[in-house]
Amino acid sequence: FLLYIFVVYMLQEQEVHAAEMERTFIAIKPDGVQRGLIAEIISRFERKGFKLVAIKIVVPSKGFAQKHYHDLKERPFFNGLCDFLSSGPVVAMVWEGEGVIKYGRKLIGATDPQKSEPGTIRGDLAIVVGRNIIHGSDGPETAKDEIKLWFKPEELVSYSSNAEKWIYG
Ligand code: ADP
C-alpha cells in the first residue's frame, strides 16, 4: 500500500513538473522555409535537449501577421514585415524545456544577422535583418500570448521523453 502511495505521488510530481516546464513560441519564417532550413533549425533545438510540443505549417494572413507583430506597429518596417510574414508558409512551433525562452533567443542570435555570433542560427544562416529566417518569443508574457495566438490548446502535446532523465539528471 505504501508503495502504491509512493508511486501515485511520484506520478503526480512528474505531471506537476511537466505542467510547470517553460514553453516558447518559435517560427521559421517564409525565407527559412523556402531556403530549406526547416530541419537544420529544428535539429538545433532538438539536439540542445529542448522538446517539441507543437508544430504546424501555415500561411498566415496579413491580418494575422499584424496581430503577431502588434508591438511593432509604429515601426517604419511594420508593413513590409507583415507582408513578408504572410508571403508564404511559416513553420510554427512550441518548444519546451528549462530556460527555453531565454536560451532559445541565444540559439537564434541577434535580430540583425550581421551582429549575430557565429554558431547562432541567424549568425550562421542569414545576412540581412529583413530576412533573418526565425522568430522566437522574447519573454514569458510574449511566449504565452504568441502560443495562444498561433495554437489551440489541444494542439499542444504534453508528454515525457525517456531522454529527459539524461538531459536533466
Ligand atoms: P526579434 O525578431 O529579434 O525579436 P524584433 O522583435 O525587434 O526582433 O523585430 C521583429 C522582426 O522585425 C525582426 O526579426 C526582423 O525580421 C524585423 N525587423 C527588425 N528590425 C528591422 C529593420 N530595421 N528593418 C527591417 N526589418 C526589421
Side-chain angles (χ1 to χ4, degrees), residues 19-153 155-158 167:
E20 277 171 359
M21 205 46 117
E22 187 175 309
R23 289 176 168 177
T24 193
F25 173 72
I26 300 290
I28 304 172
K29 298 184 196 178
D31 48 345
V33 173
Q34 295 295 338
R35 290 179 52 202
L37 297 172
I38 298 171
E40 165 76 39
I41 290 169
I42 287 177
S43 78
R44 291 183 182 218
F45 281 83
E46 198 174 36
R47 283 183 302 176
K48 169 75 177 167
F50 293 137
K51 187 164 72 183
L52 185 62
V53 295
I55 184 167
K56 62 183 169 186
I57 185 159
V58 283
V59 181
S61 66
K62 183 152 180 198
F64 190 90
Q66 286 165 339
K67 265 192 208 157
H68 172 75
Y69 278 129
H70 67 94
D71 279 349
L72 299 172
K73 63 176 179 291
E74 309 299 338
R75 308 295 287 274
F77 55 82
F78 179 68
N79 192 48
L81 175 62
C82 294
D83 273 339
F84 173 63
L85 193 74
S86 55
S87 70
V90 168
V91 174
M93 298 176 279
V94 178
W95 284 88
E96 186 179 280
E98 262 181 46
V100 69
I101 299 173
K102 207 164 176 190
Y103 206 89
R105 297 277 295 185
K106 265 194 186 174
L107 288 177
I108 288 170
T111 304
D112 180 354
Q114 300 283 6
K115 297 187 178 129
S116 297
E117 294 297 322
T120 64
I121 292 167
R122 287 169 175 165
D124 289 349
L125 306 169
I127 298 176
V128 302
V129 71
R131 296 292 181 272
N132 61 6
I133 68 173
I134 181 166
H135 167 84
S137 306
D138 62 7
E141 283 308 309
T142 38
K144 214 193 283 170
D145 292 347
E146 289 171 357
I147 291 169
K148 207 169 150 196
L149 176 67
W150 287 80
F151 288 97
K152 299 185 193 114
E155 291 177 313
L156 299 164
V157 181
S158 291
I167 293 165

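All ligand and atom numbering here is 1-based and tracks the order in the structure.
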F25 and H135 aromatic ring geometry - parallel, tilted or perpendicular at 30°/60° bounds: tilted
Parallel, tilted or perpendicular: ring planes of F45 versus F50, cut at 30 and 60 degrees: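 If you compare the ring of F45 with that of F50, the planes turn out tilted.
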Tell me, which protein residue and heavy-atom name are nearest [atom], and how many Å apart are they?
| atom | value |
| --- | --- |
| atom 16 (O) of ligand 1 | K29 NZ, 3.0 Å |
| atom 6 (O) of ligand 1 | L72 CD1, 3.9 Å |
| atom 12 (O) of ligand 1 | L81 CD2, 3.2 Å |

Which one of [options] has a non-hydrogen atom at the shortest distance from [atom]?
| atom | options | value |
| --- | --- | --- |
| atom 2 (O) of ligand 1 | R122, R131, H135 | R122 |
| atom 8 (O) of ligand 1 | D31, I133, L85, T111 | T111 |
| atom 23 (N) of ligand 1 | F84, F78, F77 | F77 |

NZ or CZ of K56 within 45° of F151 ring axis and under 6.0 Å: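 Yes, a cation-pi geometry holds between K56 and F151.
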E155 side chain vs A54 backbone, donor-acceptor pair below 3.5 Å: no
Check: T111 main-chain N/O paired with N132 side-chain donor or acceptor under 3.5 Å: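 The answer is yes, because a donor-acceptor pair under 3.5 Å joins these two groups.
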Taking distance alone, with N or O pairs closer than 3.5 Å, would you say [X] contacts ligand 1?
| X | value |
| --- | --- |
| Y69 | no |
| N132 | yes |
| A110 | no |

Distance, nearest 0.5 Å, that separates CD of Q34 from CD1 of I133: 13.0 Å
Euclidean distance, K48 NZ relative to K106 NZ, rounded to 0.5 Å: 8.0 Å
Side chain, backbone, both or neither: H68 near ligand 1, heavy atoms under 4.0 Å: neither
Whether V129 lies under 4.0 Å from ligand 1, heavy atom: yes
R105 neighbourhood, listing ligand 1 atoms whose heavy-atom distance to it stays under 4.0 Å: 1 (P), 3 (O), 4 (O)
side-chain contact (heavy atoms from CB on, under 4.5 Å) evaluation trace for K51 with M21: CA-CA 10 Å; K51 187 164 72 183; M21 205 46 117; over 6 Å; no
